[in-house]
Every structure is written in structure tokens, then in C-alpha cells.
Amino acid sequence: MKNNFKNEAITRLEDDYAQWYTDVCRKAELMDYSSVKGFIIYRPYGYAIWENIQSYLDKRFKQTGHENVYMPLVIPTSLFQKEKDHVQGFAPETLIATIGGTTKLDDPLIIRPTSEVLFCEHFSKIISSYRDLPKKYNQWCSVVRWEKTTRPFLRGSEFLWQEGHTMHETELEARQEALDMLQIYNDMGKDVLAIPFITGIKTENEKFAGAVETYTIEALMPDGKALQSGTTHYFGDGFAKAFNIKYQDRNNTLVNPHQTSWGVSTRLIGSIIMVHGDDNGLSLPPYIAPTQVVIIPIQQNKPGVLAKARDLKARLDKLGLRVKLDDSDRTPGWKFSEYEMKGVPIRLEVGPRDLENGHISGAKRYNSEKFVMEDADLEKTIVPLLSDIHDAMYQKALTYLLDHTTEAHSLEELDEVLNTKLGYAKVMWDGDLEGLKLIKERFSATARCMPFNQAGFSDKCIVSGKKAKYLVVVAKAY
RNA sequence: CGGGACGUAGCACAGCUUGGUAGUGCGCCUGGUUCGGGACUAGGAGGUCGUGGGUUCGAAUCCCAUCGUUCCGACCA
């Protein structure tokens, strides 16, 4: 083992999970800190992951009839205050600009923590007939929330996200929209992030400020904590009334439309880091990995090696894959470690030995398994291999999720699940928020959601012992 | 926002107690030899000691403030 290994190494997972996470963020060059608390720099490698998530979602949004728009960065305080619940929810964490040029502003400008009110104001101007509905808008942007505790990707003062905002004629259609978008998020987990979610409805106390219903995708981290990874909301017509959004319906009556909003953020990157990472660093699922295949020439000055490496790259490029050939003058060992740390799913090696035998050596990042293939088989092997890797990574995460989802029949069992076994506890609940409050105070755990799958296992509330109405998933959370 | 720790070269740190020329390892640059799991060698570059103020002939070192990072709580995507 070389001296510098110590310097470059990341903290071991089991030694200090939080430190491991921070080490991976920085050493895999996903981000860097800026000089303002909670505002991070998304470095190219981290930003590229976000771009890949974006490109998947943007396509899905457009296929389902949504249009991208861009709203202003700032919201006049007076406008922000129109919807009461919304203000109460977000006022404590707003960043406000009070001076423009040399003039003190009469109506200070709030840097958007979310853009509901901007969309509402705009919708009130452009919606006047049922023929204007539905309006299905999405915005890619960043928002600012003045957070007290910040962590890279998981909680920042500024983060990148998309926020969808839609208006509909009927409650049914709006509720369906919220559920449809949740399904797209869930697909994203399964199809590109290789992360399984528990999906369900938020309890009253965990809902978005101003929402009638909040739906959520909840991921489970290896330390047993839940990470809310995306939410969709049905707003009813509350905002519409507050912002005077009205249209004439098919019966010539003036009515308020029904509204939704939904979003996922760069927090997903944090989720990917934790769900798939290990002691060697990042391990990226193939479909969002900025580099899917890295080619490392061995003894690249020997005749034919570099030419073969370039040949492989050209052939993989032709398949539409994201491929990197590292022909820098670092040693192969250094490159192996580097790309493992950065989580590149597949490594291919080409050296004199491979040239001689007409084959290609390689290794899979997620399980460190090495393989050898015939040169001629490259094209027909690599795409299915990426797909297999994705499936295996998803399966591994799913197995963990299932193994760490446990029914708790009593508070003692709940304690056992939350503090010893770790992960999600399924509990039966009578619907009284006091019970959830007690759980939170005693275990610092919250109701993550009432899962759509309400297969109950008892008719007694875990707290009160009264007749249970709902199945709730409880966990400690980020 | 409350409690703890930390801030000196890109990274990890020493120096501070007892004020007096800013150091070590890795990384980085140039050349040569290497190359199948973080190579070796010769030479070289790089620092407002987080920032602001104070004490002093003199501050990385002592004092005050402030900003940032991190951990534990409370709050939140």
C-alpha cells in the first residue's frame, strides 16, 4: 500500500457514515463548497448526473403533455402572502432582497423558495375558459430556502429542481395528474436510478404547505433512514381562490380550476450516492452515469495498444454509449482506483496480453467482478451488460428495502425496528395525530407515508390500542 | 437556532502552550525509466496562516468579533 492511498482514501462506511458521505461527494468531484453556507458548486461530474436525470424526466413530462416555462427568480412579498398556509410553511426560510441599486425596496423581493404564487398569478391572467384547460407547465430552475443545517445534495440553501404546476377542470383530473406524475417519479427510480421507493400519501402533519393531498416517493438509505425523494400535490382550488383564478365552464358558470404541483430535486443525487455507494466510493447506475464505460490501456506505449483502445471507444461511441478513454500517463492501478471511486459502471482494459489473445478484460463496478470477452463480441455484450448491472443494482437495493421493512405491533417492537434493526416500520394507526406526535417525541421518527398498498396486519392502533384505520410507514428521516 | 470540534499550499496535517526567517507528506509542473490494482527517479513551482479589528517594536501564535466546514439536537425537500 502506498503512502498517498491514505490521503486519497475515503472514510470507511462503518467507521463514520456521515463522513463517508461527505468524502464521496468531494473526492468523486461531484461538488465543492462555496463561500456561502449551504450554497454548493455542482462540479461537472455531479452536474452531468443531474443532466441525465433531467433528460429522462424532461422527455417523460413532454410525452405526457407538459410544456417548459420559466418564471422570475423573485417574488414580491405582498404577492407571496396571498395564500395563508403557504406563507406559514415557507416564511421562516425565505431569503429576501431589500435593496435595489441604491434604493430600499418598499415591497421586498423574496428569492423563490418554490414558485406556486408566481404560477398562480400568471394562470389568473391566461385562464378564462374551460378551453384554456388543462394547463400543464413545468419549470427547471433553482430555489432558495434559508436552511439551518445543510448537507451537500441532501439539504442545501439553494438546490436545483423541477417544479410542475398544472390546472385542471375537475378534481378527478387534477388528482389523477398528481398520481400520474408520482408514477413517473417511481418509474425513474426503477428505470434509471435503480432505487426502489415506497409510495404513498402523506399524513396531515407532513403535507406540503397549502396542499389538500401530498403524495410521496420515499427511499431507504443504508443507515436505515428514509429520504423523501420527490412529492406531488393536489391543491384543490385553495390557491385558485386566493389568487382569483377563474374560468367559465361548459355551463357558462364562473368557477375555480383544480391545481397540482410536483417536484424532484438534486437531492436525488444524494440518494444515489448513499443507496449504491460503498467503501470504494461512488457506484453509479448505468443510465445516469456520466461515463458508462471507461477504457484503460495497459502499457499504452506498446505498439497496437492505444490503437485498439481507440478502436473500442469508436465502436462503443457508435452504440450511443458514454465512453471515456483514459490515455493519460498515470499508471493503470491509479486509473482503476480513480474510476472506481467515481463509480463508472464498467471498466475495460486493453493491454498487450489482450491484443495477443484477441480479447478484452474488464470489471463491473457494483460487485467488483472481473470478466473477459472476445473482442468481436464487444457490441453484442456491452449493452446487455449495462442492463444487467442496472437490474442487479436495483435488485440489491430492493432486497435491502424489503429486508428492512418490518411490521411493528407495539411501541417496544417499534423501538426495536427503529433503533436496532433499522429501516421502515409498518404500523397500524387510528388516524389521531397525537399518536404520531408521541412517536416523534419518543423515537425522533416520523410518518413517512400511508402506503398505497394498505394491506393491514392488525386492527389495533400501535399507540392508542383503538381501532386502527390506516397502515403507516414510520422511519427516521433525513 | 442551541451545544461541541475544526479553519495554515490543491489535499491531509505539524508549528500556537512560552510572539521573532512558514514547514512535512501526498498532489501539481519538467525530463527520463515505467505500466495487468493508487510506480520510480532527478529537478522545480506553489501560502493574504478563513476574514476584520485589537494588544505589541513585532502576531499563524495572545484578545474580541465575524464567516465557513463538520458532528449532535430542534426545523425543513
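Here is the naming used below: chain letters follow the sequence lines, and residue numbers restart at 1 for every chain. All figures in this text were calculated on a predicted structure; none of them were measured in a lab.
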* Establish, from distance only, whether the side-chain atoms of A:T11 and A:D16 form a donor-acceptor pair under 3.5 Å. => no

* Base partner of B:G46, which must satisfy Watson-Crick or wobble distances under 3.5 Å -> none

* Asked: Quick one: is B:G73 close enough that its OP1 or OP2 comes under 4.0 Å of any side-chain N or O from A:K476?
  -> no

* To do: Measure from CD on A:Q299 to C1' on B:G37 and round the result to the nearest Å.
  => 14 Å

* Look at the rings of A:Y215 and A:F452 and say which category their plane angle falls in: under 30° parallel, 30 to 60° tilted, over 60° perpendicular. => tilted

* Donor-acceptor pair under 3.5 Å, A:K148 side chain vs B:G73 base -> no

* Nearest-angstrom distance, C1' atom, B:C28 to B:A45 -> 8 Å

* Asked: With a 3.5 Å cut-off and just heavy-atom distances, do the side chain of A:T149 and the base of B:A74 make a donor-acceptor pair?
  -> yes

* To do: Round to the nearest Å and state the distance from A:M221 atom CE to B:A77 atom C1'.
  => 13 Å

* Take atom C1' in B:A65 and the same atom in B:U55, then report the distance between them in whole Å. => 15 Å

* Mind checking who B:U18 pairs with, Watson-Crick or G-U wobble, both distances under 3.5 Å? -> none

* Measure the distance from CZ on A:F90 to P on B:A77 and round it to the nearest whole Å. => 6 Å

* With A:R347 as the cation and A:F336 as the aromatic partner, state whether NZ or CZ is under 6.0 Å from the six-membered ring centre and within 45° of the axis. => yes

* Asked: On a whole-Å scale, what distance lies between the C1' atoms belonging to B:U61 and B:G23?
  -> 15 Å

* Of residues 193-211 of chain A, the positions that come close to RNA chain B - non-hydrogen atoms, cut-off under 4.0 Å -> none

* Structure fact -> Only one of A:T446, A:D223, A:N419 passes side chain to side chain donor-acceptor pair (under 3.5 Å) with A:K476, and that residue is A:N419

* Asked: Rounded to the nearest Å, what distance is computed from the NZ atom of residue A:K225 to the C1' atom of nucleotide B:C72?
  -> 11 Å

* Does any N or O donor sit under 3.5 Å from an N or O acceptor when you compare the side chain of A:S361 with the base of B:G36? -> yes

* Would you say A:T331 reaches B:A39's phosphate, i.e. side-chain N/O to OP1/OP2 under 4.0 Å? -> yes

* Asked: Can a donor-acceptor pair be found between the side chains of A:T260 and A:W262 at a distance below 3.5 Å?
  -> yes

* **Any N/O donor-acceptor pair, A:R347 side-chain to B:G37 base, under 3.5 Å** => yes

* Asked: Roughly how far apart, to the nearest Å, are B:C13 and B:G7 at atom C1'?
  -> 12 Å

* Applying side chain to side chain donor-acceptor pair (under 3.5 Å), run through A:Q162 and A:N138 and close with a yes or a no. => CA-CA 7 Å; A:Q162 59 71 215; A:N138 176 65; 2.8 Å; yes

* **A:N301, CG atom: more than 12 neighbouring heavy atoms under 6.0 Å** => yes

* Asked: Which one is paired to B:G73, where only Watson-Crick or G-U wobble pairs with both distances under 3.5 angstrom count?
  -> B:C1

* **A:F208 ring center near A:F235 ring center (under 6.0 Å)** => yes

* **Integer angstrom distance from the C1' of B:C35 to that of B:C71** => 42 Å

* To do: Take atom C1' in B:U70 and the same atom in B:U34, then report the distance between them in whole Å.
  => 41 Å

* Asked: What is the base-pairing partner of B:C26, counting Watson-Crick and G-U wobble geometry with both distances under 3.5 Å?
  -> B:G10

* Have a look at A:K37 and say if it touches a base, only the backbone sugar-phosphate, or nothing, with a 4.0 Å heavy-atom cut-off. => sugar-phosphate

* To do: Would you mind pulling out the nucleotide paired to B:A60, Watson-Crick or G-U wobble, both distances under 3.5 Å?
  => none

* To do: Scan A:G38 against the nucleic acid and name what it touches under 4.0 Å (heavy atoms): base, sugar-phosphate only, or nothing.
  => sugar-phosphate

* Mind checking A:P152 for me? I need base, sugar-phosphate or nothing, with any heavy atom below 4.0 Å counting as a touch. => sugar-phosphate

* Which whole-number value in Å describes the distance from A:I41 CD1 to B:G68 C1'? -> 13 Å

* Under a 3.5 Å limit for both distances, which nucleotide forms a Watson-Crick or G-U wobble pair with B:G36, could you say? => none

* Pick the nucleotide of RNA chain B nearest each of A:K370 and A:Q228; which residue has the one closer to the 5' end? -> A:K370

* **Centroid-centroid distance, A:F123 to A:Y137, less than 6.0 Å** => yes

* To do: Hunt down the Watson-Crick or G-U wobble partner of B:A65, both distances under 3.5 Å, from any strand shown, or write none.
  => B:U51

* To do: Using the closest heavy atom to pick a nucleotide of RNA chain B for each, name whichever of A:T231 or A:W146 lands nearer the 5' end.
  => A:W146

* To do: Report which part of the nucleic acid A:E147 touches: base, sugar-phosphate, or nothing (heavy-atom distance under 4.0 Å, all strands).
  => base

* Asked: For the base of B:G50, is there a side-chain donor-acceptor partner from A:S35 under 3.5 Å away?
  -> no

* Asked: Do A:E147 and A:S157 have side-chain N/O donor and acceptor atoms under 3.5 Å apart?
  -> no

* A:P92 near the nucleic acid: base, sugar-phosphate alone, or nothing, with a heavy-atom cut-off under 4.0 Å? -> nothing

* Does A:E340 make a side-chain donor-acceptor contact with the base of B:G37, cut-off 3.5 Å? -> yes

* To do: Determine the Euclidean distance between corresponding P atoms of B:U51 and B:G10; express it in Å to zero decimal places.
  => 13 Å

* **Pairwise P distance for B:U21 and B:A60, with rounding to whole Å** => 10 Å

* More than 12 non-hydrogen atoms from neighbouring residues, nucleotides or ligands closer than 6.0 Å to NZ on A:K225, yes or no? -> yes

* **Presence of A:R330 side-chain N/O under 4.0 Å of B:C28 phosphate oxygens OP1/OP2** => yes

* To do: Remember a base hit wins even if backbone is also touched, and classify A:R145 as base, sugar-phosphate or nothing at under 4.0 Å, heavy atoms.
  => base

* Asked: Any side-chain N or O of A:Y33 less than 4.0 Å from the OP1 or OP2 oxygen of B:U70?
  -> yes

* Indicate, yes or no, whether a donor-acceptor pair under 3.5 Å links the base of B:C35 to the side chain of A:D329. => no

* NA contact type, A:E349, heavy-atom cut-off 4.0 Å: base, sugar-phosphate, or nothing? -> base

* Asked: NA contact type, A:L227, heavy-atom cut-off 4.0 Å: base, sugar-phosphate, or nothing?
  -> nothing

* Answer with base, sugar-phosphate or nothing: what part of the nucleic acid does A:D354 contact at a heavy-atom distance below 4.0 Å? => base

* Asked: NE2 of A:H233 versus C1' of B:A77: gap in Å, rounded?
  -> 9 Å

